[in-house]
2 protein chains.
Amino acid sequence: MSQPDTKQRILNAAEHLFSRDGYHATSLRSITTMATVNLAAVNYHFGSKEALLEAVIIRRLDPLNEIRLGQLEALLKKSEETEEVPTCRNILRTFVEPTLRLRQQGADAEDFIALIGRILAEPRGLAMTIFMAHMEPLMNRLFQALAVSLPGLSRQTLFWRVHFALGSLSHIMRYHERHAMVPEGVNIDMPVDAFVDLFLDFAVAGMEVTQ
Amino acid sequence: MSQPDTKQRILNAAEHLFSRDGYHATSLRSITTMATVNLAAVNYHFGSKEALLEAVIIRRLDPLNEIRLGQLEALLKKSEETEEVPTCRNILRTFVEPTLRLRQQGADAEDFIALIGRILAEPRGLAMTIFMAHMEPLMNRLFQALAVSLPGLSRQTLFWRVHFALGSLSHIMRYHERHAMVPEGVNIDMPVDAFVDLFLDFAVAGMEVTQ
DNA sequence: GTATGTGTTAAACGTACGTTTTAATTATGT
DNA sequence: ACATAATTAAAACGTACGTTTAACACATAC
């Protein structure tokens with residue numbers, strides 16, 4: 001029987017297992033079993049396990065970065081017209097909000113967000129190379145926009161603060177899974193808009209503070 | 001010939017390779033080769049690969065947490081005597097400063113810091129279970145002290161802001177390795193004291209901001 | 001000197017891995 | 001309908017893994 005969506009089923013299963021267990025701890029057999037697909041299908045459709053990882057990343061990262069870059073460009077263009085410097089908060093929002101909103105779209109997207117968080121945690125890994133190649137243009141644009149928005153900061157300080165902020169984001173991208181050490185009275189499933197604001201309150205204050 | 005420091009040599013090699021390549025991507029053979037030790041020595045001295053990982057973590061984490069907890073208790077005791085509430089900055093410093101200072105002590109400690117950063121990035125992993133068991137008392141104490149220092153924040157907001165701050169820290173613990181995307185004019189090797197202050201400027205502002 | 005315990009070594013164990021091969025099956029084009 | 005290409009299926013490939021075994025070396029103690 002023919003399954004025309006074999007590739008998508010493999011991608012979904014791989015996305016889930018890579019994000020849950022990591023690349024090296026996930027076997028092709030566990031992926032193909034979950035996808036109810038023959039073992040050889042991965043090498044037939046993708047060529048190798050590494051190429052599968054790259055396909056998993058690119059499938060969602062490129063569209064996400066298009067949204068982020070689109071919002072950033074729109075913000076910069078509007079600020080050109082009104083001749084006002086865009087605020088740090090609005091710049092960061094173009095990066096953060098599409099990221100956290102993606103997670104709301106379903107369990108699959110949630111897997112991907114967690115996977116990105118894991119990738120950022122393996123600086124020397126194969127996935128990091130793939131990831132960086134698809135992030136660099138957006139990152140340069142973001143850094144440049146923030147430099148204009150925060151002219152009082154040295155490049156050194158700005159560089160580290162951007163990493164502090166994105167480090168926070170990558171951490172909570174991973175942490176959102178159900179986990180121990182959640183004290184009572186804490187709701188781990190907040191609405192996206194409220195959570196974005198909660199995050200931006202923190203990050204923007206840290207970015208803008210004068211030492 | 002007898003090598004009385006076989007265990008330490010294994011621990012050093014494992015620490016280095018686990019932090020560089022991750023637990024699953026590191027083989028016992030690569031560890032024992034680097035340690036110039038027989039393959040069977042790991043299972044003889046530690047019992048298993050998992051037990052080796054636990055030994056690697058505990059060797060440095062327990063002493064580090066003793067320092068952190070000691071500084072925190074000292075701060076709380078001094079504030080009791082002077083009847084002043086300790087500042088958020090000083091509380092966070094007891095956690096951050098020993099961490100970043102450890103990295104200055106040599107390449108081995110730098111490996112460990114990177115390993116902790118990786119562990120924090122694998123929420124479901126074996127290492128996370130080991131790590132959490134050794135972190136929970138300190139984390140509870142830290143959270144409690146911050147709640148006193150920042151009475152205006154809801155438990156919800158405080159919880160997330162602590163995670164934002166520690167997420168930043170865990171990110172830079174990993175990022176300190178030489179890496180691409182470091183723009184010109186940025187010194188990635190700052191003195192520890194300056195870097196601690198740079199981080200605390202950011203984190204404290206984010207913790208204390210009133211929305 | 002012999003016995004005992006600790007540590008080391010080389011070799012092999014069984015298992016699981018990513019990948020490849022070959023054949024069968026299904027879809028497509030004329 | 002038939003020929004050709006694309007996909008799926010089962011099986012096997014060689015390799016690397018964590019672990020175990022059994023022989024060996026070298027202490028210290030009697």
Side-chain angles (χ1 to χ4, degrees), chain A residues 1-59 115 118-119 122 124-130, chain B residues 1-59 115 118-119 122 124-130:
Chain A
M1 70 182 101
S2 171
Q3 294 277 14
D5 55 348
T6 297
K7 287 184 73 167
Q8 294 302 318
R9 300 237 305 288
I10 292 173
L11 286 171
N12 291 338
E15 183 175 68
H16 179 71
L17 293 174
F18 283 159
S19 75
R20 199 191 64 182
D21 302 326
Y23 174 76
H24 286 101
T26 301
S27 69
L28 290 184
R29 283 166 177 82
S30 66
I31 292 172
T32 54
T33 298
M34 168 171 278
T36 57
V37 153
N38 187 272
L39 169 63
V42 170
N43 283 280
Y44 176 78
H45 285 287
F46 297 95
S48 68
K49 187 185 179 185
E50 289 195 1
L52 172 61
L53 173 64
E54 181 159 9
V56 166
I57 294 170
I58 290 174
R59 176 172 68 147
L115 176 60
R118 290 192 71 125
I119 288 170
E122 303 190 16
R124 299 248 235 254
L126 153 76
M128 191 61 165
T129 308
I130 300 167
Chain B
M1 72 183 102
S2 172
Q3 293 277 15
D5 56 347
T6 298
K7 287 184 74 168
Q8 294 302 319
R9 302 238 303 287
I10 292 173
L11 286 171
N12 290 339
E15 183 175 69
H16 179 70
L17 293 174
F18 283 159
S19 75
R20 198 190 66 182
D21 302 327
Y23 175 76
H24 285 102
T26 301
S27 69
L28 290 185
R29 281 165 177 82
S30 67
I31 292 171
T32 54
T33 298
M34 168 171 277
T36 56
V37 152
N38 187 271
L39 169 62
V42 170
N43 284 278
Y44 176 78
H45 285 288
F46 297 96
S48 68
K49 188 184 178 185
E50 290 195 358
L52 172 61
L53 174 63
E54 181 159 10
V56 167
I57 294 170
I58 290 175
R59 176 172 66 148
L115 176 60
R118 290 191 72 126
I119 289 169
E122 304 190 15
R124 299 247 235 252
L126 152 77
M128 191 61 164
T129 308
I130 300 168

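Numbers restart at 1 for each chain; the letters A, B, ... are given by sequence-line order, proteins then strands.
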CG on Leu17(A) to OG on Ser27(A), rounded to 0.5 Å: 8.0 Å
Per atom distances to the Ala40(A) side chain, the nearest of dT21(C), dC17(D), dT20(D) is dT21(C)
Kindly say whether Arg20(B) contributes a backbone atom to a donor-acceptor pair with the side chain of Arg118(B) at under 3.5 angstrom? yes
Derivation and outcome, side-chain contact (heavy atoms from CB on, under 4.5 Å), residues Gln8(A) and Arg59(A): CA-CA 10 Å; Gln8(A) 294 302 318; Arg59(A) 176 172 68 147; 3.0 Å; yes
So, with a heavy-atom separation below 4.0 Å from DNA chain C, the residues of residues 44-58 of chain A are Ser48(A), Lys49(A)
Whole angstrom value for the distance that separates P of dG7(C) from CD1 of Ile10(B): 12 Å
Length of the line joining Leu28(A):CG and dC13(D):C1', which is rounded to integer Å: 15 Å
Which heavy atom of Ile119(B) sits nearest to which heavy atom of Ala127(B), and what is that distance? CG1-CB, 3.7 Å
Calculate the interatomic distance between Asp5(A) atom CG and dT8(D) atom P; express it in whole Å. 9 Å
Mind listing the closest non-hydrogen atom pair of Met34(B) and His16(B) along with its distance? CE-CD2, 3.7 Å
Assign Thr26(A) to base, sugar-phosphate, or nothing according to its heavy-atom contacts below 4.0 angstrom with the strands shown. sugar-phosphate
Would you say Asn38(B) places a side-chain N or O within less than 4.0 Å of OP1 or OP2 belonging to dT8(C)? no
Under 3.5 Å, sequence neighbours excluded: what are the donor-acceptor pairs made by side chains of residues 37-55 of chain B?
residue	atom	partner	partner atom	Å
Asn38(B)	OD1	Ala40(B)	N	2.9
Ser48(B)	OG	Ala51(B)	N	3.1
Lys49(B)	NZ	Tyr23(B)	O	3.1
Lys49(B)	NZ	Thr26(B)	O	2.7

Please confirm whether the shortest side-chain N or O distance from Ser27(B) to OP1 or OP2 of dC17(D) is below 4.0 Å. yes
Tell me: CD of Gln8(B) to P of dG7(C), nearest whole Å? 14 Å
Whole angstrom value for the distance that separates C1' of dG18(D) from CG of Leu39(B): 8 Å
Between Arg9(A) and Ala35(A), the two heavy atoms sitting closest are NH2-O, 2.8 Å
Can you measure Arg29(A) atom CZ to dA16(C) atom P for me and round it to whole angstrom units? 10 Å
Base, sugar-phosphate, or nothing for Thr32(A), non-hydrogen atoms under 4.0 angstrom? nothing
His24(B) NE2 - dG18(C) P separation (whole Å): 12 Å
Calculate the interatomic distance between Asn43(B) atom CG and dT9(C) atom P; express it in whole Å. 15 Å
Using only side-chain N and O atoms of Thr6(B), determine if any of them is under 4.0 Å from OP1 or OP2 of dT8(C). yes
